[in-house]
Amino acid sequence: MKTDNMSIFKKNTDNGIKTNGRELSARRLMAIALGCFLGASLVSTAVYMITGYISNFAAAFFESVSAFTTTGSTVFTYPAYPVYLPSWLKVYRAFCQWAGGGATLVFLACMLTSMDASKGGFTKAGSANGAIYRTGIRTVSIGRRLLLTYAILTVAEFLLLLVSGCSLLDSACMSLSTISTGGFIPGAALANGISETIVVLFMIFTCLNYTLYYHAIKKHFDQFDKNTELYALLFIIVGSSVLISISLVASGTFGVAGAVENSVFHSVSALSTTGFVIADTTSWPPFAQALLTLLSFIGGSTLSPAGGIKIMRIIVVLRLISKSFTVRIHPKAVVTTKINGRSMPSDTSSAMAIHFLTYFTFYLGGVFVLSFEAPDLLSSFTVTASLLNNVGTTFTGNIAFAQFSPVMLILLSILMLAGRLELYAVLLPFSRNRNS
Amino acid sequence: MTLVGTAMLIPTAVALYYKETKAVLSLLVCAVPMIIIGLLVIKLTPKEDNTVLRMRDGFFIVAAAWIAMSALGGLPFVISGSIPNFFDAFFETASGFTTTGSTILTDIEAMDKGMLFWRSFTHWLGGMGVLVLTIALLPMLGIGGQKIMRAETTGPTMDKISFTTNESARNLYLIYTGMTVIEIVLLMFGGIGFFDAATHAFGTLGTGGLSTHSASVGYFNSVYVDMIITLFMLLAGVNFNLYYFLLSGKPRNMFKDPELRTYLCIVGGCTLFIAGMLYFKNFYSTIGESLRYSVFQTTSIITTTGYGTADFDLWPVTCKVILFVLMLVGGCASSTGGGVKVIRVILTAKLIKRAADRRLHRKALTPIKVGGKTVSEHTLFGVTVFMALFAVTIIGGTLLVSLDGFGLTTSLSSVVACLCNIGPGFELVGPTMNYALFSAPVKILLSLLMIAGRLELYTIILMFTPVFWDENR
């Protein structure tokens, strides 16, 4: 992992950083990533302000960060928005999300490979990048392959949507927003049930671990069999779709067919942190709302553009808890945590558990910040979840971000960045560099 | 042996309390047979205490005892007809013993005084731990005292200040009783009758929060009473082992305790912040008034008591968020408060800081110290998993409670209020509301959550794990 990492970032976020050929430390990587996201957002802010679509700096910055972090929240007020916005701006907005999603993939890949077990986070044994190690590919080519996969998925969805009967503009915006898990579709409408199904499928595809595509091409199908994360993901989607369907039918919100359609779409949309909606979820039963919010916390797979805590960490935390039950009863028992058929070192798993707790600490911090201007307790809880998990929509009604003060919008932008860059990157400006 | 042990503990424990609440006939109807049965069981128990109590048995005894206690303790309510529904009575008693203070009663003043007294008295008993009391009073039981005590004492065991189990249990109760008497006397100086003074003192020291009035402590509307109750709530949220230092003439040791310092800082900081917010947003006209309501509510929530003098559900959103976080924090270890405990919050904060340092600076693993003492990695790992389990329990509980269909804030805050043993939550379970609206299964779930929260999660949750029932593992 040498200098070429940066050129990948350069390509994706139109922000050039001079490289000096040094190896990437976690700190440098985070600094670069944060720099790229901030730089790109500032450029995009300028675009909004110069073209005059958003006059307020904070609002334009929020809009840009929301796009690059693949959140999809907007300061544009909804009913008027699709009408007066030109097509180029819609495509531009969707493309920003797409660029952000790609940059996230590369950032994650660099982070996974630059870290070993002792540094915490995802590790060789812990995630699918164990395969990366074994194949011995350098980070650069990994980055290239990831982006290629990412682009192919996007084009495939674009063509399929076009065939299903969506307009050119809609297909482009939809596919860029789906694959990046951005979830922002200004005025785009899904033509029919087929295009809906296509979107659902591609939302699932994009929140799979991208290393699986590599294995699929190499015909390493045994990797699918023992992939804990993949099974968990499918299990969660099926389980929550069933539960939400039942709750929708029981509450009389939909008939059986409508309930299945809506529950599958919204479950996948929430889990992949895309944030597309095809129905008004505010009137849904609280159980469905709670479950959808929970799904957005769980998030996608390790190496994917989806946000949230990430399924792998959830699995590890749950395993640690069940292990602790056994240890309580048999204090001398030695139980190992097994993931993907291999046991995980205990310091890695406890680092993941701490990350899990840090996530909720950030969440409560965000709730506190938002509470100064939120109308009530519920909206501070759900909107913070939506921003930190990079979802963009809430399951309890949309909030007009335009009404917030500039300071609040900047703080909320930081919250989105925190969720996108694995939390710690946003602490970087506040930490003294003690050893380099 | 396990079963006999359980059977022995419950009725004796229950019986002992009933002797003191003879006000109502229905109490007697329950109490007399229980005392007799309890005594009979003790008599009939074979005096062979050689059997070593396994971990499994320890958990089972404590869990079964708490559940049975709540069920049996609810019987007088059912028999006297004041709470005709058994599940309601179970909820109310569990809320009492676990010092939660959630109530399903809509008209508290209409209850018999004897019943109200019993209701408040369950707080006092539950506060320090019913089984600890049993151990203190019945040294002849002897078996597994240490394990039971550990299961029932709140907070992680950091270091052993205690002496032998029986002796320390007795000392704890001596301090506890002493403080209760002092509070009753002080409250009576404030012009409150003995009945109200006693019931509120029980509720304060146990950090319970069931009041004999619908308006809670706000009923008295007196600054003096507010301040006395605030002071004793604050004291009840402190690690009771620290009072040894005070009694043994080393008060400096007490204030060196890092947990106590953090606890006091949190209370002070939040009180000032909330008071400021209330004053500047014109909720109260004077600074004094803002401070008075702010300090009472802050203390009431962080110690997980749940008494109210104001309806904080109407306060600014930021104040509610602070109170919500305080609910989770809870009191100090080995206090009568609930929540995750201040010490765990301190340790988690340090763990997060260490993780950030390692990420950002590639720093080596540095040991974590609290009050100059290094905390073992084993303990830290335990705290991490505990916190994660706590989060998972809240999420799972919220999902289940939301099946009743009452909105996310109500569902979430009712789970937190029960698991952390607080009492009032927000919105439909807010300070002026009650839990009568929930369905019977949800009431049972919330009761179990209260007991789980009181017994540090594991004791109750273990009962629902397959590994617990699998003899071979």
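Every chain is numbered from 1, with letters handed out A, B, ... down the list of sequences.
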Going by heavy atoms in the side chains, are [X] and [Y] under 4.5 Å from each other?
X: A:T302; Y: A:L108; value: no
X: B:L446; Y: B:L419; value: no
X: B:S411; Y: B:D404; value: no
X: A:S247; Y: A:W284; value: no
X: A:F325; Y: B:I461; value: yes
X: B:V415; Y: B:L445; value: no
X: B:F406; Y: B:V429; value: no

Do NZ/NE/NH1/NH2 and the carboxylate oxygens of B:K320 and B:E427 come within less than 4.0 Å?
-> no
What orientation do A:F360 and A:F297 show, parallel under 30°, tilted 30 to 60°, or perpendicular over 60°?
-> parallel
Could you tell me which portion of [X] (side chain, backbone, both or neither) has an atom closer than 4.5 angstrom to a non-hydrogen atom of chain A?
X: B:I395; answer: side chain
X: B:L400; answer: neither
X: B:A356; answer: both
X: B:L412; answer: side chain

Side chain, backbone, both or neither: which part of [X] has a non-hydrogen atom closer than 4.5 Å to chain B?
X: A:T361; result: side chain
X: A:Y424; result: both
X: A:L294; result: side chain
X: A:L318; result: side chain
X: A:S380; result: side chain

Which residues in residues 366-377 of chain A have a heavy atom less than 4.5 Å from any heavy atom of chain B?
-> A:V367, A:F368, A:S371, A:F372, A:A374, A:P375, A:D376, A:L377
Is there a donor in the side chain of A:S379 and an acceptor in the side chain of A:T382, or the other way round, less than 3.5 Å apart?
-> no
Under 4.5 Å, counting heavy-atom pairs only, tell me which of A:A353, A:S324, A:P285 racks up the most with chain B.
-> A:S324
Atom of B:R344, atom of B:T348 and distance for their closest heavy-atom approach = O-OG1, 2.6 Å
Selection from B:G382, B:S402, B:C319, B:A349 maximising heavy-atom pairs under 4.5 Å formed with chain A | B:S402
